[in-house]
*Asks:* 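Encoded as structure tokens, here's the structure I'll be asking about.
Just so it is clear: chains get the letters A, B, ... in the order the sequence lines come, proteins before strands, and each one is counted from 1. What you see is a predicted model, and the numbers here were worked out from it, not measured in a lab.
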Amino acid sequence: MAALLGRSCRKLGFLSSGHGARRSVSTETGKSLNLYSAINQALHIALDSDPRSFVFGEDVGFGGVFRCTTGLAERFGKNRVFNTPLCEQGIVGFGIGLAAMGNRAIVEIQFADYIYPAFDQIVNEAAKFRYRSGNQFNCGGLTIRAPYGAVGHGGHYHSQSPEAFFCHVPGIKVVIPRSPREAKGLLLSCIRDPNPVVFFEPKWLYRQAVEEVPEHDYMIPLSEAEVIREGNDITLVGWGAQLTIMEQACLEAEKEGISCELIDLKTLLPWDKETVEASVKKTGRLLISHEAPITGGFGAEISATILERCFLKLEAPVSRICGLDTPFPLVFEPFYMPTKNKILDAIKTTVNY
Amino acid sequence: MALSRLSSRSNGIARPFSAAFNRFISTDTTPITIETSLPFTAHLCDPPSRSVESSSQELLDFFRTMALMRRMEIAADSLYKAKLIRGFCHLYDGQEAVAIGMEAAITKKDAIITAYRDHCIFLGRGGSLHEVFSELMGRQAGCSKGKGGSMHFYKKDSSFYGGHGIVGAQVPLGCGIAFAQKYNKEEAVTFALYGDGAANQGQLFEALNISALWDLPAILVCENNHYGMGTAEWRAAKSPSYYKRGDYVPGLKVDGMDAFAVKQACKFAKDHALEKGPIILEMDTYRYHGHSMSDPGSTYRTRDEISGVRQERDPIERIKKLVLSHDLATEKELKDMEKEIRKEVDDAIAKAKDCPMPEPSELFTNVYVKGFGTESFGPDRKEVKAALP
């Protein structure tokens, strides 16, 4: 089916934002790595540069189910890289405590679908710690990493995109990378950011996405969205794995004479409103796409904010092409997903409004 | 299909094979007493006796059903590798004695709820092979209409409450079912199954506390196959004596590879739960496959260990030896039984393959109670109700 073919084209890698590069790292060359290797490199650097950092979670010792933590236990020792029992609430709570003592706790939740037992700890403890203690304590050293998103055969509990739940919590940050190079820089920024961060990794891209990643230590700033493709007719906003699909839709739209501007939000909370606003003021149209169900998804927040800021500049209603309002299905995944054709259709309808 | 094999012991009564084994024991329930392989270890209670009441019919039923379960799981393995089953597939082979022993001790009014390794429990609860394979392959005839998949088998009329993907989440649910049973004065109990990995989940202890506080007929059964995915129990649990983890709740440790020990323990537990409240059973069992089909199962345990268990403790071999030693069948007859089972499984697979996938509109059904449905808006504000190709 079209959606599946679309997904298999990810191996081509990503367009880099070459236009007057906003940071030098995008034009640097490096080694060709996939997503899990890039994240692995970031973790190695993080643990190397700060002796008070720890990586723990289920099965991280041998390298993790997605190999993101390979080699860490061997290099840094079992005191700093260790497995936990099967208890997400305990893992995150434990991480908050560790971070409160000034350490960097890099916690892995094996799949984002399993993060809900820890939801209370994240929302009620991590997000509010600094606030309620009047800045006496904080758990800024906490970074929670979780693979999220569709993978083709994940079904109900290995495909969810829970980012919207966390974007509703002031006090934490939510970051989602789109590619290996971005992931390494963003993860290092998250780890070193003095606020608790939830870092969702698109699991589909762990092996599929390959990119040149500089080998040195570099950070990509948070809360800065990036225009990865410039255009004039319509602005598309997305994050994570969905961007490849949107990119393909942009290429197809270009054949029909529609010039699309594609923005990678990168940080969802707090998100870069200025960049999106500037873009929409230029194009006059906005389309948001994400895998999570449409009702209450983060696209709703973006839509409402842009409406407030750009009402008179809008030529058409804001369009959201997202997952359907059902539990993530197994056999119906190709119908559920916001595919290239759905996005293309919406682009055309919006432009011809 | 009448079994037409002649043997010196047959008395010539022809019966369809699927109903009962065709020999003089087809209506024979002469009691046989079997000693369990190991004594029970008890915590805060008196262990039941090692002598288990059974019958020749039951022995043969055990053999047949366990062989069927084993064959079903192996067939699922091949189907998964052939990409006919997608998603996740967690196989139960090695652990069949738990499913079968439990069924023998209880009725269909007693509820069972388990995690994702549920194919054999579903079969034990009365599910058919056709429903199993259809559900695994995502077809309409599946027990969950093809919408659940391997991890979500349910059977309401046999009080089988599934089939849960999130580790440990089914235990508080099971205690809730037990509460309902007690409230409705049903004289039935609930068996909430979980694994050694899930034993470290906080929600388990919350549910246990509530069950003990309110004397609920909940039986928590830890199917301890010693590995939580790839993590050995001693690396995840300070106390791997899961039957003692209930602290103030009594527990029993059972040899989970011995179907009769399981049966005795479940009977004991049911009586206990109806009278006194919750109890924990720890089934010492083993799975031959890895955690799921994506796990080879050999990176965290040696092949010697796996083959060792297969040789020393295989539940089907044990029953086979008992059948042979009690003279209930010959080797050849058992082999023929296994051949029939193989054919039965192959037929069910073929039938399931012919079954259609669910209609695309099924994507939207049962999200809420009928009538709520789901909608999608196009950018021009016109409602686009899921009109799928």
*Asks:* Give me the one residue out of B:Tyr161, B:Phe153, B:Tyr92, B:Phe160 that meets side-chain contact (heavy atoms from CB on, under 4.5 Å) with B:Thr114.
*Replies:* B:Phe160
*Asks:* Check whether A:Val65 gets within reach of chain B through its side chain, its backbone, both or neither, counting any heavy atom under 4.5 Å.
*Replies:* side chain
*Asks:* Given a strict heavy-atom distance threshold of 4.5 Å, which part of B:Ala237 is in contact with chain A: side chain, backbone, both, or neither?
*Replies:* neither
*Asks:* Given the options A:Gln89, A:Glu58, A:His156, which has more heavy-atom pairs under 4.5 Å with chain B than any of the others?
*Replies:* A:His156
*Asks:* Side chain, backbone, both or neither: which part of B:Glu359 has an atom under 4.5 Å from a heavy atom of chain A?
*Replies:* backbone
*Asks:* Identify which part of A:Glu88 has an atom lying under 4.5 Å from any heavy atom of chain B, answering side chain, backbone, both or neither.
*Replies:* both
*Asks:* Kindly state whether the ring of A:Phe111 and the ring of A:His158 have centres lying under 6.0 angstrom apart.
*Replies:* yes
*Asks:* Could you check, using the six-membered ring where one of them is a Trp, whether A:Phe165 and A:Tyr116 have ring centers closer than 6.0 angstrom?
*Replies:* yes
*Asks:* If the condition is side chain to side chain donor-acceptor pair (under 3.5 Å), which residues does B:Ser150 pass it with, not counting sequence neighbours?
*Replies:* B:His119
*Asks:* Quick check on the interface: out of B:Met357, B:Arg235, B:Met229, who has the most heavy-atom pairs with chain A under 4.5 Å?
*Replies:* B:Met229
*Asks:* Ignoring hydrogens and geometry beyond distance, is a side-chain donor-acceptor pair present between B:Thr285 and B:Asn225 at under 3.5 Å?
*Replies:* no
*Asks:* Which bit of B:Gln203 comes within less than 4.5 Å of chain A, counting heavy atoms only: side chain, backbone, both or neither?
*Replies:* neither
*Asks:* Establish, yes or no, whether a centroid distance under 6.0 Å links the rings of B:Tyr300 and A:Phe62.
*Replies:* no
*Asks:* Kindly say whether the aromatic ring centers of B:His152 and A:Tyr157 come within a distance under 6.0 Å.
*Replies:* yes
*Asks:* Ring centres under 6.0 Å, that's the criterion: do A:Phe66 and A:Tyr36 meet it?
*Replies:* no
*Asks:* Side chain to side chain contact (heavy atoms under 4.5 Å, CB included) for B:His164 and B:Met151? Distances and angles first, verdict last.
*Replies:* CA-CA 6 Å; B:His164 297 266; B:Met151 292 199 276; over 6 Å; no
*Asks:* With a strict 4.5 Å heavy-atom criterion, list every residue of residues 90-98 of chain A that contacts chain B, or say none.
*Replies:* none
